[in-house]
Participant: 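Take a look at this one; I'll ask things after.
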Amino acid sequence: MRTIYFAAPLHDDEDQRRNEIVIASLRAQGYEVYAPQEHGKWEDLVSKLGGKDVTRRYLFNMDLHAMQRADCCVAYVDREKGPSEGMLWEMGYMSGCNKPVFLLNPDFKHGYNLMPEFGSMVFGSKDDLIQHLAEEDFV
């Protein structure tokens, strides 16, 4: 089974709902998808792990390990204010590991600087991305 690291803004309910739709579509195609937004509630993790600094380091290490074992990255942004800093970092890390980065930017609403634009394959719809993943042997 191919593993996808899912990078996307996840800091508000609207972002998370949009992400869930794409994540569910990828899983329905048989992909294993690692999605940082599924870690759980921040407050619960801070309480369980014993503080903000410990929790931040724990999440960073968990996500880093997931990127290392993933076959590719699907990055998703669908809002006027653009991608998150974390998403851009994750895209860069995956690209630096010579793993394909697929950027889902519905209707190409947001322009990018050179690095994200040319360091990834850009797709304007979820269906086009899923079709490409099915046709391309990216492992």
Side-chain angles (χ1 to χ4, degrees):
M1 175 184 304
R2 293 187 256 182
T3 303
I4 294 171
Y5 184 91
F6 188 80
L10 53 82
H11 301 293
D12 62 41
D13 292 339
E14 184 180 351
D15 288 337
Q16 290 187 21
R17 280 192 301 275
R18 274 193 302 259
N19 295 346
E20 288 168 1
I21 292 167
V22 178
I23 292 164
S25 296
L26 292 167
R27 288 180 175 151
Q29 297 300 312
Y31 299 108
E32 178 184 338
V33 180
Y34 178 89
Q37 79 181 45
E38 295 175 344
H39 291 317
K41 287 188 69 173
W42 169 254
E43 295 80 10
D44 295 342
L45 289 169
V46 169
S47 176
K48 177 183 172 184
L49 297 172
K52 291 180 181 179
D53 291 339
V54 172
T55 302
R56 288 169 53 86
R57 175 61 62 186
Y58 172 78
L59 293 174
F60 175 82
N61 287 331
M62 225 164 78
D63 293 350
L64 187 62
H65 176 73
M67 285 184 272
Q68 290 166 347
R69 68 178 200 88
D71 299 309
C72 72
C73 176
V74 168
Y76 178 52
V77 62
D78 181 26
R79 59 185 188 175
E80 293 303 317
K81 60 185 176 180
S84 68
E85 292 171 347
M87 177 188 137
L88 292 172
W89 190 93
E90 292 158 337
M91 290 173 69
Y93 181 85
M94 295 292 284
S95 182
C97 290
N98 294 315
K99 296 183 182 191
V101 176
F102 305 106
L103 177 58
L104 177 56
N105 184 8
D107 303 317
F108 303 104
K109 289 180 185 175
H110 183 76
Y112 293 93
N113 76 14
L114 297 175
M115 301 315 258
E117 183 178 350
F118 294 109
S120 63
M121 291 187 69
V122 182
F123 294 89
S125 77
K126 173 178 56 86
D127 292 339
D128 289 345
L129 168 68
I130 289 172
Q131 181 179 344
H132 179 79
L133 292 174
E135 293 171 355
E136 169 116 352
D137 183 17
F138 61 85
V139 178

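All values reported here derive from a predicted model rather than from experimental measurement. Just so it is clear, the values below take in all heavy atoms, side chains as well, and ignore hydrogens, waters and symmetry mates.
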Participant: I'd like to know if I130 and I21 are part of one continuous hydrophobic network [Ile/Leu/Val/Met/Phe/Trp/Tyr, side-chain heavy atoms within less than 4.5 Å].
Facilitator: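 Different hydrophobic clusters.
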Participant: Taking atom CD as the centre, does E43 end up with more than 12 heavy-atom neighbours from other residues, nucleotides or ligands that are less than 6.0 angstrom away?
Facilitator: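 Check passes, neighbour count above 12.
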Participant: Could you walk me through whether V74 and K126 pass the side chain to side chain contact (heavy atoms under 4.5 Å, CB included) test, one step at a time?
Facilitator: CA-CA 11 Å; V74 168; K126 173 178 56 86; over 6 Å; no
Participant: In Å, rounded to the nearest 0.5 Å, how long is the span from CG of L45 to CE of M62?
Facilitator: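 Here the rounded value is 7.5 Å.
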Participant: Give the minimum heavy-atom separation between Y58 and L49, together with the two atoms involved.
Facilitator: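 Smallest interatomic distance, heavy atoms only, reads CD2-CD1, 3.4 Å.
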Participant: Considering non-hydrogen atoms only, spot the tightest contact between M91 and V101 and give its length.
Facilitator: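 Heavy atoms only, the tightest pair is O-CG2, 3.7 Å.
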Participant: Inspect the surroundings of CZ in R27 and state if more than 12 heavy atoms from other residues, nucleotides or ligands are less than 6.0 Å away.
Facilitator: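 Counting neighbours around CZ of R27, more than 12 heavy atoms of other residues, nucleotides or ligands fall under 6.0 Å, so yes.
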Participant: What distance do E38 atom CD and N19 atom CG have between them, rounded to the nearest 0.5 Å?
Facilitator: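 Reported value, rounded in 0.5 Å steps: 9.5 Å.
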Participant: Output the distance between atom NZ (K99) and atom OG1 (T3), rounded to the nearest 0.5 Å.
Facilitator: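 K99 NZ to T3 OG1: 9.0 Å, rounded to 0.5 Å.
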Participant: Name the orientation class of the two ring planes belonging to Y34 and Y5 (parallel below 30°, tilted from 30 to 60°, perpendicular beyond 60°).
Facilitator: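 Parallel, since the angle between the ring planes stays under 30°.
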Participant: Atom CG of L26 and atom CZ of F6: how far apart are they, to the nearest 0.5 Å?
Facilitator: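 One gets 7.0 Å once the value is rounded to the nearest 0.5 Å.
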Participant: Between V46 and K52, what is the shortest heavy-atom contact and its length?
Facilitator: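 What the structure gives for the nearest pair is CG1-N, 3.9 Å.
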Participant: Has Y93 got more than 12 heavy atoms of other residues, nucleotides or ligands less than 6.0 Å from its OH?
Facilitator: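 More than 12 within 6.0 Å, yes.
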Participant: Closest heavy-atom contact between E20 and Q37?
Facilitator: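 For E20 versus Q37, the nearest heavy atoms are CG-NE2, 3.5 Å.
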Participant: Find the distance between OG (S25) and CG (L129) and round it off to the nearest 0.5 Å.
Facilitator: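 The distance works out to 9.5 Å.
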Participant: How long is the span from the CZ atom in R17 to the CG atom in D12, to the nearest 0.5 Å?
Facilitator: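 These two atoms lie 8.0 Å from each other.
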Participant: For the residue pair L104 and G124, what are the closest heavy atoms and their distance?
Facilitator: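 Looks like CD1-C, 4.4 Å.
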Participant: What is the minimum heavy-atom distance between V77 and P9, and which atoms define it?
Facilitator: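 Reported closest heavy-atom pair: CG2-CG, 4.4 Å.
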